[in-house]
Structures are given as structure tokens and as C-alpha cells.
Amino acid sequence: MTWAIEHSTAEEDQALEFRNQLEDALAGFDAEDFERWEREGRTPRELPAALGRAGVFRQRWKNGAEQGLPRLVTMSQTLYRLSSGAAVVAMGQSEMFIGALRWLAETPYQLSLLEKALDGRTIGCFGATEPHGGSNLRGLRTTAYADPDGWRLRGCKRYISNVSQADYILVLARPENPAHVSDLSLFLVPLDHPGVSFDGVFDTVGLRSCDAGQVTFDVKLPPDALLGKAGIGLLYATHLLQFERLAICAQLAEAAEHALRLSVAYARRRTTGDSRIMDKQAIRHRLALCRAELWNVQGRLRELVAMAERDRRMPAHEISALKLTTGDITCRIVDTALQIFGARGYTQNFPVERLWRDVRLSRLGGGTDEVLADLVASGLDRRDPTTDSLLTDLEHLDVPRFVTDHAT
């Protein structure tokens with residue numbers, strides 16, 4: 001995907017500086033490293049540490065959350081081309097852990113953690129999903145009890161990306177007796193704290209270079225383990241998720257672009273009988289539809305980033321709609337690529353099968369398709385005075401026409 005938004009010369013210089021920082025950070029890794037991470041089931045902490053040392057995280061956040069979105073897209077897509085797991089690890093560090101600290105940190109302890117996270121010296125992850133449920137954050141059972149010395153936190157979180165390499169986990173929890181179902185708070189929990197148990201990782205279908213693990217905890221925490229205000233953690237998490245979802249869209253657009261180019265190149269080279277696969281109308285039209293849909297996704301991603309930069313706000317319904325459609329379109333494009341490659345596409349000798357496995361998570365992580373569809377639908381189910389009035393007028397006119405000269 002070509003990232004093309006009109007910028008001033010100063011912004012172009014910053015974009016070039018950012019790409020150079022990315023190149024510097026990644027110079028110490030090669031294809032063998034990325035393949036080893038896939039086999040080992042994790043991206044080592046050296047990757048986010050290198051990004052921090054090179055100033056990538058600081059540059060992403062330099063001008064603010066929304067103003068740094070083009071850099072987030074560049075980081076997401078550059079890393080995804082090399083390793084899908086590395087892209088997810090960097091996103092979690094930048095958009096969830098640093099994002100939360102940059103927005104909510106107030107105490108010296110929290111501000112110190114922010115500086116360490118920006119430099120890659122402290123690695124964080126985010127825990128929301130629990131064994132009994134997933135994307136519905138209102139149904140969390142992890143509890144936080146206030147006591148004279150701070151907080152007591154009890155619960156279990158699972159499917160936590162990069163937890164085996166992290167130092168801290170951001171935990172969403174509810175009070176013992178919540179006044180409302182959405183009363184949640186956000187806590188900083190050191191993973192080496194007494195009472196925290198790392199239960200292991202799950203064997204996943206795809207995205208194998210980023211571990212997904214489980215943590216159980218029954219811990220006492222100091223007062224400044226609480227990030228922001230108590231009771232509005234759901235608001236914080238919902239806001240942070242918009243940045244994660246945009247990053248996922250950028251990664252998916254990169255995956256779809258790669259898969260489409262591979263399948264087009266293969267269709268031009270592969271012959272059946274005395275003609276190329278590309279000469280078959282069914283194949284040509286299928287690829288053309290993939291290209292049209294991907295152009296639409298890429299264009300909408302650029303529009304939303306430009307809108308967020310300009311208005312300094314994250315339109316939740318529109319970002320959710322983009323992730324919903326991007327996940328579906330990308331999965332279909334990658335599946336088309338696998339079909340065109342045939343049996344070769346189903347082997348590990350070609351990258352299509354890995355893309356096919358990796359992109360499927362997008363319709364589950366960061367909000368399932370069903371949760372996002374319901375969120376978009378909630379934006380539809382609102383009064384629309386202009387159209388409601390038009391419909392009322394049309395209903396009044398919806399009567400049969402009386403014919404005076406009716407033939408018998």
C-alpha cells in the first residue's frame with residue numbers, strides 16, 4: 001500500500017526521519033530471526049526494545065495521539081511485511097501500553113514507567129478477555145477491592161498478546177459492588193509481583209510469532225497502580241481500542257496487498273492447457289474485484305487517518321465499520337490467492353498459507369465481527385428527523401389510485 005496524504009515539507013521530513021528510525025531499529029534483525037520467532041512462538045523483547053532505542057515510539061507520539069497516526073500506519077505495515085507477530089507486539093506496546101500511560105499517567109511512578117516504555121526498557125501488554133467471555137467488556141469478572149493500603153486485585157485474563165515477554169500488564173477490573181455494569185477501572189500490574197501467576201501460552205492457528213497467554217492473579221497493589229479515575233476504565237479501554245483497530249486495518253491492508261500481488265504474478269506465469277490462468281475470465285474478474293475492494297479499503301483508511309489528524313478525534317463507529325469490512329475483504333482476498341495458487345498455496349513453501357492463517361484472527365481480536373457490527377448498528381438506530389419526515393409524507397401518499405373508467 002502506498003501511503004499518500006498531502007503533507008507540508010516539514011511533515012515530509014518527519015516522515016522520512018521516522019522511516020529512517022524504523023530502518024535503524026530493524027537493521028539488527030534478518031529473515032532468519034523472523035522465521036525463528038515463528039517457530040519459537042514469540043517475538044523476543046529485543047524487538048520492541050530496539051524500536052524504543054531508535055526513537056520510533058517517541059516519534060510516533062511526538063505530536064500527539066491523532067497527529068501521529070500516519071506514523072502508526074507506517075510502523076504497522078513495515079513490520080507486518082517482515083513479521084506479523086512483530087507488528088502485533090509493536091502495536092500493543094505503542095497503542096495500548098504507551099497510549100494508556102501517555103493519556104493517564106500522573107504520579108511519578110506512572111510517569112517513570114511512561115519514559116521507560118517509550119525507550120523500550122519496559123514492555124507492557126493489555127489484558128481484557130477472560131475465560132468465560134471475550135469482547136463484551138461489560139461482563140468482566142476480575143474484581144478490584146479498595147483497601148487502606150491501595151488495592152486488592154483478583155481474576156484471570158487470557159489470550160494476552162506478548163505476555164511472556166512483558167514486564168507489566170494493563171488490567172481491566174470492576175469494583176466488588178459496582179453501581180453500574182460498566183463501572184470498570186484500569187490497573188498497572190507488574191508481572192513479577194507476588195500473587196501473579198503466568199499460566200502459559202495457547203497453541204494458536206496463526207500469528208505464531210506473537211504468543212497469546214494467560215495470567216491469574218490475587219495481588220495487593222499500591223494506590224498508584226490505578227490509572228486514571230476509578231469507574232471509567234471502560235471509557236479508557238474503548239478509546240485505546242480505536243487506535244488498535246486502525247493499526248489492525250493498516251496491517252490487513254498490507255497483507256491483502258501482498259497476497260493480491262502474489263496471486264496476480266502467479267496467474268500471469270501459471271498456464272493450464274495452452275493459456276495463462278490470467279487469461280481465464282473467471283480468474284481475471286475475481287482478481288479485478290479483489291483490487292477494487294482493496295482500493296476502497298485503502299482509500300477509506302487514508303480518509304479516516306486524515307479526519308482524525310484534522311479533527312483530533314477518533315470516530316469510533318467509522319473505525320469499527322472499517323475494521324469490520326477490512327477483515328472480511330482481506331480474508332476473501334487471501335483466500336482467493338490461496339485458491340489461485342492451488343495445492344502450492346496450501347504448502348509452507350509459499351507465503352500464502354501463512355497469510356491465510358494470520359489474517360483470520362482479525363475477525364476475532366480487537367473486537368469480533370459481531371460486536372463491531374452491533375456497534376455500527378447502534379449508530380444507525382437513531383432518530384433521523386429529515387428522513388423520518390419524508391417517510392411519513394410517503395406513507396400518506398401510499399394509497400391506491402382511483403380509476404373512474406373501470407372496464408367490466
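Numbers here simply count residues along the sequence, with the first being 1. The figures that follow rest on heavy atoms only: side chains count, while hydrogens, waters and symmetry mates do not.
With a 4.5 Å cut-off on side-chain heavy atoms, Arg102 and Leu118 do not count as touching. Contact of the Phe126 side chain with the Leu186 side chain is registered, since non-hydrogen atoms from C-beta on lie closer than 4.5 Å. Side-chain contact between Lys157 and Phe217 is present, with heavy atoms from C-beta onward closer than 4.5 Å. The closest side-chain heavy-atom distance from Met307 to Glu303 is not below 4.5 Å. Looking at heavy atoms from C-beta onward, Arg174 lies out of side-chain contact with Arg141 at the 4.5 angstrom threshold. Considering only heavy atoms from C-beta on, Met314 comes within 4.5 Å of Leu246 through its side chain. Residues Trp37 and Phe29 are in side-chain contact: their nearest non-hydrogen atoms beyond the backbone lie under 4.5 Å apart. Between Leu79 and Leu26, some side-chain heavy-atom pair lies under the 4.5 Å cut-off.
Across Leu226, Leu188, Leu227, a single residue satisfies side chain to side chain contact (heavy atoms under 4.5 Å, CB included) together with Leu104, and that is Leu227.
Residues passing the ring-ring contact (aromatic ring centres under 6.0 Å, His included) test with Phe341 are Tyr266, Phe350, sequence neighbours excluded. Applying the side chain to side chain contact (heavy atoms under 4.5 Å, CB included) test to Leu375 and every residue at least two apart in sequence or in another chain returns Arg245, His317, Ser320, Ser378. For Tyr145, the side chain to side chain donor-acceptor pair (under 3.5 Å) partners at least two apart in sequence or on another chain are Thr143. Under the rule for a ring-ring contact (aromatic ring centres under 6.0 Å, His included), the partners of His239 that lie at least two apart in sequence or sit in another chain are Trp103, Phe243.
For the atom pair OG (Ser94) and CG (Leu51), the distance works out to 9.0 Å, reported to the nearest 0.5 Å. Note that the CG atom of Leu207 and the OG atom of Ser362 stand 10.0 Å from one another [nearest 0.5 Å]. With rounding to the nearest 0.5 angstrom, the CG atom of Leu294 is 12.0 Å from the CG atom of Leu287. Atom CG of residue Leu140 and atom CG of residue Leu234 lie 8.5 Å apart, to the nearest 0.5 angstrom. Note: Leu240 CG to Leu170 CG = 8.0 Å, rounded to the nearest 0.5 Å. Once rounded to the nearest 0.5 Å, the distance linking CG of Leu301 with CD of Gln298 reads 8.5 Å.
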Given the rule in the side-chain contact (heavy atoms from CB on, under 4.5 Å) test, do Arg310 and Glu66 qualify, once you have shown the distances and angles that lead to the verdict? CA-CA 8 Å; Arg310 182 185 66 245; Glu66 295 81 11; over 6 Å; no
Using side-chain contact (heavy atoms from CB on, under 4.5 Å), reason through Arg208 and Arg354 one step at a time and then give a plain yes or no. CA-CA 9 Å; Arg208 292 177 182 168; Arg354 183 181 296 181; over 6 Å; no
Test side-chain contact (heavy atoms from CB on, under 4.5 Å) on Ile277 and Arg268 and set out the steps. CA-CA 7 Å; Ile277 293 177; Arg268 291 199 313 266; over 6 Å; no
Derivation and outcome, salt bridge (Lys or Arg N to Asp or Glu O under 4.0 Å), residues Glu353 and Arg357: CA-CA 6 Å; Glu353 66 86 26; Arg357 288 186 288 106; 2.9 Å; yes
Could you check Arg332 against Asp335 for salt bridge (Lys or Arg N to Asp or Glu O under 4.0 Å), going step by step and ending with a plain yes or no? CA-CA 5 Å; Arg332 285 192 281 110; Asp335 191 72; over 6 Å; no
Checking Arg58 against Asp119 for the salt bridge (Lys or Arg N to Asp or Glu O under 4.0 Å) test, could you report, in this order, the C-alpha distance in whole Å, the side-chain angles of both residues, the deciding distance, and whether it holds? CA-CA 8 Å; Arg58 286 191 181 276; Asp119 289 338; 3.0 Å; yes
Step by step, work out the salt bridge (Lys or Arg N to Asp or Glu O under 4.0 Å) result for Glu23 and Arg19. CA-CA 6 Å; Glu23 291 177 3; Arg19 286 193 292 271; over 6 Å; no
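Of all heavy-atom pairs between Phe97 and Ile123, the closest is CE2-C, 4.3 Å. Closest of all the heavy-atom pairs between Ala267 and Ile283 is CB-CG2, 4.4 Å. When all heavy atoms of Leu191 and Cys125 are compared, the closest pair comes out as CD1-SG, 4.3 Å. Nearest heavy atoms, Gly231 versus Ser185: N-OG, 2.9 Å. The shortest heavy-atom contact between Ile248 and Gly365 is CD1-O, 4.2 Å. For the pair Asp167 and Thr122, the tightest heavy-atom approach, listed with the atom from each and the gap, is OD2-CA, 3.4 Å.
Of the possible polar contacts, one joining the Gln93 side chain to the Ala117 backbone as a donor-acceptor pair under 3.5 Å is found. The main-chain N or O of Val163 is found under 3.5 Å from a side-chain atom of Asp211 such that the two form a donor-acceptor pair. Without hydrogens or angle criteria, Arg81 side chain to Glu254 main chain gives no donor-acceptor distance under 3.5 Å. Under a 3.5 Å cut-off, the side chain of Ser263 and the backbone N or O of Leu260 do form a donor-acceptor pair. Gln110 places a side-chain N or O within 3.5 Å of a backbone atom of Glu106 that can act as its donor or acceptor partner. With hydrogens and angles disregarded, no donor-acceptor distance shorter than 3.5 Å links the side chain of Arg360 to the backbone of Gly206. The backbone N or O of Lys229 sits less than 3.5 Å from a side-chain atom of Tyr236, completing a donor-acceptor pair. Side chain of Thr325 to main chain of Leu322: a donor-acceptor pair is present (N/O by atom type, distance under 3.5 Å, no hydrogens or angles). A donor-acceptor distance shorter than 3.5 angstrom exists from the side chain of Ser209 to the backbone of Gly85, with no hydrogens or angles considered. Side-chain atoms of Asn63 never come within 3.5 Å of backbone atoms of Gly68 as a donor-acceptor pair (strictly under, hydrogens ignored).
Other residues, nucleotides and ligands place more than 12 heavy atoms under 6.0 Å from the CH2 atom of Trp61. Residue Glu115 qualifies as enclosed at atom CD: its count of foreign heavy atoms under 6.0 Å is above 12. Heavy atoms of other residues, nucleotides or ligands lying less than 6.0 angstrom from CG of Asp311 number more than 12. Residue Arg36 places its CZ atom among more than 12 non-hydrogen atoms of other residues, nucleotides or ligands, all under 6.0 Å distant.
Defined by atom type and a distance below 3.5 Å, a donor-acceptor pair is present between the side-chain atoms of Glu130 and Thr142. No side-chain donor-acceptor contact under 3.5 Å links Gln77 and Glu257.
Using cut-offs of 30° and 60° on the angle between ring planes, the pair Phe187 and Trp151 is perpendicular.
A salt bridge does not link Glu318 with Lys323: every distance from a Lys NZ or Arg NE/NH1/NH2 to an Asp or Glu carboxylate oxygen is 4.0 Å or more.
Residue pairs meeting the side chain to side chain donor-acceptor pair (under 3.5 Å) criterion with at least one partner in residues 213-228, sequence neighbours excluded, are Arg152-Asp218, Arg154-Asp218, Arg158-Gln214, Asp199-Gln214, Asp199-Thr216. Sequence neighbours left out, the pairs with a member in residues 274-290 that pass salt bridge (charged side-chain N to carboxylate O under 4.0 Å, His left out) are Arg276-Asp279.
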